[in-house]
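Please read the structure below before turning to the comments.
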Protein chains: 2
Amino acid sequence: MTAPPRPTVRSKRAADILAAARHILEEEGADALTMRRLAAALGVQAPSLYKHFPTKRALEGALVEQGMLELGSALHGAIEAAGRRRVPVSRLLETYRKAALANPGLYRLATAGPLVNEALADGLEAWAGEPFFLATGDPWNAQALFSFAHGMVMLELDGRFPPGSDLGRTWRAGAVAFSYGRRA
Amino acid sequence: MTAPPRPTVRSKRAADILAAARHILEEEGADALTMRRLAAALGVQAPSLYKHFPTKRALEGALVEQGMLELGSALHGAIEAAGRRRVPVSRLLETYRKAALANPGLYRLATAGPLVNEALADGLEAWAGEPFFLATGDPWNAQALFSFAHGMVMLELDGRFPPGSDLGRTWRAGAVAFSYGRRA
DNA sequence: TTGACAGGCTAACAAAGTTAGCTAATCTGG
DNA sequence: CCAGATTAGCTAACTTTGTTAGCCTGTCAA
């Protein structure tokens with residue numbers, strides 16, 4: 001088990017900005033997260049934000065780091081809760097779904113576009129993905145299971161499933177498919 | 001088997017614009033697809049484009065329709081090639097992967113953000129998804145399999161897998177997991 | 001022939017990220 | 001305790017982007 005990566009340390013002010021940004025992101029959507037809107041929420045003018053983050057993408061990157069850290073923590077929590085036994089795939093998926101849907105804006109931000117993560121502490125993504133390896137036992141099923149979970153969350157967030165779909169059952173179908181450790 | 005939806009009919013000029021847009025999208029990326037850049041490629045000024053599409057999103061929507069139609073055709077082609085037998089999941093996935101990665105910009109456009117599809121001919125999405133039902137035999141495994149495929153493509157396009165990953169093997173792991181028609 | 005319409009044009013706006021350069025406060029080293 | 005540096009704010013302004021308004025010209029049908 002890899003150690004959880006330490007979050008980047010930031011000034012109090014920078015942390016406040018991130019909190020405000022996150023609030024706007026979740027309450028009003030990604031489009032509402034503009035530098036001017038964010039500045040206004042902090043009672044400040046837009047250019048002042050650049051004293052704390054060099055660019056909007058950097059600010060988003062910091063949000064992504066937070067999101068990944070929280071998601072990773074949730075997943076590792078599920079692993080630990082299982083003690084010495086292997087986590088059931090279904091349990092891991094439930095955790096993933098719940099954690100991801102709890103912060104839709106952040107999740108989309110973290111996994112949209114080619115590379116918002118740039119300087120994303122390198123180990124972070126690997127660490128967050130580790131539970132999938134622990135649940136499946138091999139890297140290929142781990143990646144496949146992760147892809148399934150990611151696809152489900154994205155499609156669910158984007159309302160891409162036909163109305164009336166029993167998504168719980170779809171998640172369960174995936175869980176069944178990836179259980180019992182079959183090899184490719 | 002549902003009939004393939006007819007593509008929206010458009011004027012010659014509108015079709016030309018879409019072709020140019022698609023070219024820019026694939027050659028230079030989504031950021032390069034601006035109204036001015038597109039207009040320039042057509043030897044025209046930006047506002048002229050609004051004689052043919054009411055908004056940039058409408059133009060993107062038309063591109064998405066094209067993409068979905070092509071992807072759906074590829075998948076249905078795989079179904080037909082199997083004749084009366086059920087398509088192997090692995091075969092369907094290979095088709096999906098190949099078709100999606102052949103037009104990365106278009107694929108991302110079609111499946112990014114909450115709703116680019118708006119007026120997307122309603123049956124189109126259902127029609128494109130039908131092959132997954134035919135390959136798995138029930139709607140829940142169909143949706144789960146689709147989510148897996150979608151997640152794989154997105155992560156692959158975004159370079160989210162650790163370098164050196166054997167993605168072919170990951171796709172195969174997914175294929176194995178979703179074969180043999182297990183029920184949730 | 002006349003009038004509608006199709007399809008182009010220029011000028012311009014608003015919103016977005018961002019930069020430059022100023023200033024007031026606060027902290028720090030001698 | 002003061003001087004200089006740093007911090008963190010400000011205003012003004014620039015660029016890029018989508019988009020609108022309003023004009024003009026050619027084509028084609030009544």
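Each chain gets a letter, A, B and so on, in the order its sequence line appears, and its residues count up from 1.
- Applying the ring-ring contact (aromatic ring centres under 6.0 Å, His included) rule to pairs touching residues 78-97 of chain B yields B:Tyr96-B:Phe132, sequence neighbours excluded.
- Between the CG atom of B:Asp16 and the P atom of C:dG7 there is a distance of 11 Å, given to the nearest Å.
- Atoms CZ and CZ, from A:Arg85 and A:Arg91 in turn, are 11.0 Å apart once rounded to the nearest 0.5 Å.
- The distance between atom CZ of B:Arg10 and atom C1' of C:dA6, rounded to the nearest whole Å, is 18 Å.
- Between the C1' atom of D:dA8 and the CG atom of A:Leu42 lies a distance of 13 Å, rounded to the nearest Å.
- To the nearest angstrom, C1' of C:dG17 lies 17 Å from CZ of A:Arg37.
- Ring pair A:Trp127/A:His76 is parallel by interplanar angle, where below 30° counts as parallel and above 60° as perpendicular.
- For B:Lys51 and C:dT10, the NZ to C1' distance is 13 Å, given to the nearest whole Å.
- In this structure, the NZ atom of B:Lys12 is 16 Å from the C1' atom of C:dA6, given to the nearest Å.
- A:His52 has a side-chain polar atom (N or O) that falls below the 4.0 Å cut-off from OP1 or OP2 of D:dG9.
- Atom CD1 of residue A:Ile79 and atom CG of residue A:Leu134 lie 4.5 Å apart, to the nearest 0.5 angstrom.
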Run the side-chain donor-acceptor check on residues 40-56 of chain B: report pairs under 3.5 Å with partners two or more places apart or on a different chain.
residue	atom	partner	partner atom	Å
B:Ser48	OG	B:Gln45	O	3.4
B:Lys56	NZ	B:Leu33	O	2.9

With B for base contact, S for sugar-phosphate-only contact and - for none (protein heavy atoms under 4.0 Å), nucleotides 11-21 of chain D reads BBB---BBBBB
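- Rounding to the nearest 0.5 angstrom, the gap separating the CG atom in A:Leu18 from the CD atom in A:Glu65 is 9.0 Å.
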